[in-house]
Participant: 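Right, I'll just put the structure down here and ask away after.
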Amino acid sequence: MMSCHGSGEDLLEFLLYMAAAAHLDPELVWIDGVVLNINGEEAEIQTSNEKKVVSRLSKLHPKDTDAPTDGVDDMTKLAYLHEPGVLYNLETRYKINEIYTYTGNILIAINPFQNLPHLYDAGAMKRYKGEKMGNLSPHVFAIAESAYRAMINEAKSNSILVSGESGAGKTETTKMLMLYLAYLGGHTASEGRTVEQQVLEVRRLSNSGLWLLLLLHVWLWLIPRPIVYTCMLAVGQSKNQIVMPEKHIIEDI
Ligand SMILES: Nc1ncnc2c1ncn2[C@@H]1O[C@H](COP(=O)(O)OP(=O)(O)OP(=O)(O)O)[C@@H](O)[C@H]1O
């Protein structure tokens with residue numbers, strides 16, 4: 001919690017908070033506002049939707065007033081890392097069609113529910129090729145690039161974990177990953193099909209692949225537990241992660 005010091009004017013200027021907002025509007029989880037007065041453990045707040053509310057100080061979270069108006073591309077750059085701060089940053093970026101944001105080396109992707117072809121065209125793939133993660137704006141291609149380079153440099157298999165609720169965009173994201181990996185693999189034809197065609201054909205198997213995974217999962221529950229834990233650990237240790245936040249959380253900001 002930000003400390004309160006200085007004159008009354010300082011208070012207005014410095015104490016910007018986000019308040020739990022469910023009691024203002026059931027659609028909202030958090031809302032930003034300015035603290036007008038503090039009385040003991042309670043604060044009077046002017047919210048950004050022009051309402052005055054009283055909230056307990058313990059329910060307020062400091063807002064990062066130094067963050068750029070269009071948000072930060074990596075959550076680790078936020079001065080305060082708390083739930084409303086993270087959601088506010090994602091929402092700010094989403095409004096300007098920046099659907100990707102890093103948290104360290106994890107990529108958070110938000111479903112744009114619209115086509116953004118400029119994000120995935122040949123020019124974009126060319127830009128990300130050979131670039132280290134973090135040199136360019138957050139992108140699913142940067143994750144694929146980093147996984148691919150690590151695989152080549154360490155001469156070991158690599159994996160990318162894509163997780164999120166149903167409809168969050170996992171399939172679309174996986175398509176983009178495969179598109180980029182196919183691009184890196186070159187376009188040399190083998191058995192009459194280019195690498196790109198072959199990789200994209202694998203994509204069509206993905207739904208039946210999911211059923212196989214489900215069967216594997218059921219089977220794993222029938223065999224001794226240590227084996228199950230080993231498999232889960234292997235997934236948990238994947239360095240390249242893409243997380244798709246649940247839709248309702250983003251919509252509730
Ligand atoms: N990056 C994106 N660009 C444009 N549209 C997208 C993107 N990601 C998702 N969408 C849209 O959202 C829809 C749902 O996405 P998708 O099928 O990838 O979700 P999913 O997480 O795989 O869902 P499920 O787990 O139910 O299979 C897509 O059909 C597409 O219309």
Side-chain angles (χ1 to χ4, degrees), residues 70-75 86-87 89-129 131 133-148 158-185 196-218 220-221 231-232 234-236 238-253:
D70 52 357
V72 292
D73 60 3
D74 189 331
M75 302 288 196
V86 164
L87 295 178
N89 188 52
L90 291 177
E91 187 202 27
T92 308
R93 288 175 61 74
Y94 190 69
K95 280 180 181 162
I96 50 169
N97 281 340
E98 292 286 355
I99 62 167
Y100 296 119
T101 305
Y102 290 129
T103 297
N105 57 4
I106 295 173
L107 181 74
I108 298 176
I110 303 191
N111 190 336
F113 288 107
Q114 60 173 304
N115 281 332
L116 300 171
H118 68 282
L119 275 184
Y120 311 110
D121 62 15
M125 289 197 265
K126 205 170 162 189
R127 267 199 314 284
Y128 280 87
K129 189 173 177 184
E131 286 292 340
M133 220 173 107
N135 282 1
L136 299 174
S137 358
H139 201 291
V140 64
F141 292 164
I143 295 282
E145 174 71 27
S146 149
Y148 178 80
N158 210 343
S159 57
I160 299 174
L161 177 67
V162 183
S163 70
E165 67 162 4
S166 179
K170 300 180 296 294
T171 310
E172 288 301 315
T173 298
T174 308
K175 278 186 208 169
M176 296 312 162
L177 286 170
M178 292 174 117
L179 192 73
Y180 187 77
L181 291 172
Y183 166 75
L184 289 182
E196 192 165 346
Q197 274 170 329
Q198 290 174 47
V199 171
L200 294 179
E201 276 164 20
V202 174
R203 198 175 79 201
R204 288 189 211 120
L205 296 176
S206 61
N207 275 342
S208 43
L210 283 178
W211 281 109
L212 279 177
L213 268 180
L214 192 66
L215 285 175
L216 182 70
H217 196 69
V218 172
L220 281 172
W221 277 107
C231 294
M232 288 169 69
V235 172
S238 172
K239 278 191 212 141
N240 309 291
Q241 290 195 28
I242 301 176
V243 180
M244 337 264 324
E246 292 178 26
K247 199 171 103 211
H248 71 266
I249 294 184
I250 301 304
E251 284 180 346
D252 281 354
I253 298 174

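Every value quoted in this text rests on a predicted model; they were computed, and no experiment measured them. Whatever order the structure lists them in is the order used to number ligands and atoms, beginning at 1.
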Participant: Tell me whether Tyr94 contacts the main-chain N or O of Asn111 through its side chain, where contact means a donor paired with an acceptor under 3.5 Å.
Facilitator: yes
Participant: Is any side-chain heavy atom of Thr103 less than 4.5 Å from a side-chain heavy atom of Val86?
Facilitator: no
Participant: Please step through side chain to side chain contact (heavy atoms under 4.5 Å, CB included) for the pair Tyr120 and Phe141, ending with a clear verdict.
Facilitator: CA-CA 8 Å; Tyr120 311 110; Phe141 292 164; 4.0 Å; yes
Participant: Report, in ascending order of atom number, the atoms of ligand 1 lying under 4.0 Å from any heavy atom of Glu165.
Facilitator: 21 (O)
Participant: Looking only at N/O atoms, are Lys170 and ligand 1 under 3.5 Å apart anywhere?
Facilitator: yes
Participant: Going by heavy atoms, is Asn111 under 4.0 Å from ligand 1?
Facilitator: yes
Participant: Nearest non-hydrogen contact with atom 2 (C) of ligand 1 belongs to which option: Gly169, Gly167, Pro112?
Facilitator: Pro112
Participant: Any idea which of Lys175, Met176, Glu172 brings a heavy atom closest to atom 8 (N) of ligand 1?
Facilitator: Glu172
Participant: Could you tell me whether Thr173 and ligand 1 have an N or O pair separated by under 3.5 Å?
Facilitator: no
Participant: Mind checking whether Leu184 and Met125 have side chains closer than 4.5 Å, heavy atoms only?
Facilitator: no
Participant: Is it the case that the side chain of Asn115 and the backbone of Pro117 share a donor-acceptor pair, with hydrogens and angles ignored and the cut-off at 3.5 Å?
Facilitator: no
Participant: Just which atoms of ligand 1 are under 4.0 Å from any heavy atom in Gln114?
Facilitator: 3 (N), 4 (C), 5 (N)
Participant: For Asn89 and Met75, indicate whether the former's side chain and the latter's backbone hold a donor-acceptor pair under 3.5 Å.
Facilitator: no
Participant: Number the atoms of ligand 1 from 1 as they appear, then name those within less than 4.0 Å of a heavy atom of Thr171, with their elements.
Facilitator: 17 (O), 18 (O), 20 (P), 22 (O), 27 (O)
